[in-house]
Amino acid sequence: MSWSRPIALKLAASTAALVAGLAASLVTDTPALAKTAPKPVLDASAVAVPDQYSAETAQQIFKEGGNAVDAAVAIAFTLAVTYPDAGNLGGGGFMTVFMDGKPYFLDYLGTAPQQATREMYLDDKGKVMGSMSTVGSRAAAVPGTVEGMWEAQQRFGKLKWKQVLAPAIHYATDGFKVDSRLQQVRDDSARNFTGKTNFDAYFSSLKAGTVFRQPELAQTLERIASDGGREFYEGHTAELIGTQMFGHGLITKQDLQQYKAVWRQPLMADWHGYQVVTAPPPSSGGVGLIQMLKMKADLKPAFDGVELNSAPYIHLIAQIEDRVFADRQQYVDDPDVKPVPVDKLTDDSYLSQRAAEVKADEVPGAQPVKPGLDVAQAEKPETTHFSVVDKWGNAVSNTYSLNGSFGSGVVVDGAGFLLNDEMDDFVTQPGTASVPGAAANDLNTIAAGRRPVSSMTPTILLKDGKVSTVIGTPGGSRIFTTIFQVMTDMVDFGMSPANAVDAMRFHHQLLPQKTIYFEPYHPITGDLADQLKAKGYSVEGQSFNGDVQLIRVDGTTPQAAADPRGVGVGAVFQ
Ligand code: DON
């Protein structure tokens, strides 16, 4: 294995011991390869993951003969233990898969419980009641992660289900060493939860430098390992969720029994000789990403000679983003509830028409692009993404989430995992508009069984039918604007994967108008800030602009780049 980041070269002694223990615990589990492995087509397998433990898990799974889906499922379960602020059993997400030459997309997003109603968070004056949609049991949607992992692994995995759960069980039982990032996120989140949930009872001992063990979570993982993914929805774990909800939350045993992950047609588009394979609705991200890529390509003359991340460049991209966010807020919904005109929204001539409205000399906000409800502001900056490529040329791009850090702050007693606050991704106060004259509509309102509109955008680029790039990030509405920037930095500006992931990123969306957000990692200051202000923008800092996990395959050689903004690891396994 070669690590692409120095952090991984210096594994602490305790970590090395954990890895040795991990290897030992897996030796007893004999791999059962369903079919003879085809000949490798790449020199190596690779992952870009948000922490070192999930990289070690991937290494183990590849050593046992697992493919990209086995590794992805094992990584997801590991992160539920070692990255509990976003990795999860009690949340949901999307998985984009390229397997044996074909693209697939699995939607395992959480759904609104049967008892959920359009105005469930409103008081009698029509105002949202406190933090009810973000903290506590009523914030939780029916979790999809375990069903998603089970579906993916049953369909495409080569190893036994138990084998892919083993690393997570090890980390839950024997513990893992907590880093300062995790303690910081815990400390910041605890303030919201103390006195309102049972969060402290489970996570108050999460302290940097100490080993953190989760015996109840280990038992839950053991049950899922021996009884299969449906255990979560129909077995003892379902009982424990039902008990936790009793008198507090809405999720019932029937909700759990009825939960289904959905295989959807991935969204596909041609761009600069690549085929982009990305997330369809209920994600808004795939549509947004394709719209941005195509509009920028269409505006080639306007971008000619414009320096990357200069004020004129940021202005042109912001104009594109206004149009993309206007469409997102007007058209994207749960496709099982309301058809989304995806073909029209990503159609070349429609986008050329929209691109023609973008002008270098436009005064920002002078002619407001059709504004919609300000749904984006409610989105949280936490979630997590990982990218995987195996030596047979298969790939997984997976983004999953509890929504906010540590989700709703509610731990299922006796089961040791957190529930999400994904209900907050719905429009919780329907019929209101934050901009005068904006249309109010029923898009993304709460209804039983509905999926909320998401921004998660796990993406794979193909070239000549083979995997070229696997990319994704957390970041709420910044997800697809971030992926767009990294992709164009590589393809339009020729940056290496590491440089593209490192490069400055900014964010703009329709609302709030005329605002360019910058990040602490590459702040916008000095002349650049002055030029943007002179153009009419307000320039504001934000604490987070993604944690990109990227793999690029050049010829037969994969390279992995983890975002230096986080504690992730890019690793290549020979
Ligand atoms: O599905 C969504 O778009 C949100 N629940 C994702 C939240 C998110 O990305 C937070 N990320 N850092």
Side-chain angles (χ1 to χ4, degrees), residues 50-51 79 83-88 90-96 105-112 133-134 139-145 148 181-182 185 188-189 192 278-289 324-325 328-329 332-335 375-386 397-408 418-428 443-444 446 450-459 471-483 505 507 509 517 519 521 542-549 563 565-568:
D51 80 355
L79 291 169
Y83 204 95
D85 45 321
N88 66 81
F94 299 138
M95 184 185 282
T96 305
F105 181 83
L106 182 60
D107 168 356
Y108 60 93
L109 203 59
T111 53
S133 64
T134 54
V142 184
T145 295
R181 182 207 73 87
L182 184 51
V185 183
D188 293 346
S189 309
N192 301 329
T278 189
S283 176
S284 61
V287 171
L289 176 64
V324 169
F325 276 89
R328 170 195 203 248
Q329 291 173 192
V332 182
D333 209 328
D334 177 348
V375 288
Q377 272 198 337
E379 289 185 39
K380 303 290 186 54
E382 310 87 13
T383 287
T384 190
H385 177 87
F386 53 84
S397 187
N398 188 92
T399 315
Y400 73 151
S401 181
L402 286 166
N403 195 27
S405 278
F406 296 101
S408 61
L418 283 149
L419 290 169
N420 66 81
D421 65 324
E422 267 171 52
M423 290 297 286
D424 194 54
D425 278 347
F426 285 109
V427 173
T428 49
L443 212 73
N444 197 28
I446 303 173
R450 197 171 193 171
R451 284 167 151 84
V453 171
S454 169
S455 297
M456 294 186 282
T457 317
T459 298
I471 184 170
T473 180
S477 57
R478 309 166 197 84
I479 290 176
F480 64 90
T481 65
T482 293
I483 295 175
R505 301 198 282 261
H507 178 73
Q509 58 188 49
Y517 290 102
E519 50 165 349
Y521 191 70
Q542 58 182 5
S543 60
F544 183 82
N545 211 139
D547 185 24
V548 174
Q549 306 300 338
D563 202 320
R565 293 158 183 80
V567 298

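Both ligands and their constituent atoms are indexed starting at 1 by order of listing. Because the structure is a prediction, the values reported are computed rather than measured.
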Inset, instruction - Answer with side chain, backbone, both or neither: which part of Thr383 has a heavy atom less than 4.0 angstrom from an atom of ligand 1? - result: both
Legend entry - Under the salt bridge (charged side-chain N to carboxylate O under 4.0 Å, His left out) test, residues paired with Asp107 that sit two or more places apart: Arg264, Arg451
Inset, instruction - Look at ligand 1 and say whether Glu422 reaches it with a heavy atom at a distance under 4.0 Å. - result: no
Legend entry - Ile479, portion touching ligand 1 at heavy-atom distance under 4.0 Å: side chain
Inset, instruction - Compare every heavy atom of Ser454 with every heavy atom of Leu109, then report the nearest pair and how far apart it is. - result: CD2-CB, 4.1 Å
Inset, instruction - Tell me, please, which residues at least two apart from Phe406 pass ring-ring contact (aromatic ring centres under 6.0 Å, His included). - result: Phe199, Phe203
Legend entry - Numbered atoms and elements of ligand 1 in range of Ser454, under 4.0 angstrom, heavy atoms: 1 (O), 2 (C), 3 (O)
Legend entry - Where Ile446 and Ala112 come nearest, the two heavy atoms and their spacing: CG2-CB, 4.5 Å
Inset, instruction - Take the angle between the ring planes of Phe105 and Phe94 and call it parallel below 30°, perpendicular above 60°, tilted in between. - result: tilted
Legend entry - Contact atoms of ligand 1, heavy-atom distance to Met456 under 4.0 Å: 1 (O), 3 (O)
Inset, instruction - Please confirm whether Leu109 comes within less than 3.5 Å of ligand 1 when only nitrogen or oxygen atoms on both sides are compared. - result: no
Legend entry - Cation over ring face, Arg181 and Tyr83, 6.0 Å, 45°: yes
Inset, instruction - Indicate yes or no: does an N/O atom of Phe544 lie under 3.5 Å from an N/O atom of ligand 1? - result: no
Legend entry - Atoms in ligand 1 flagged as close to Ser455, the criterion being non-hydrogen separation under 4.0 Å: 1 (O), 2 (C), 3 (O)
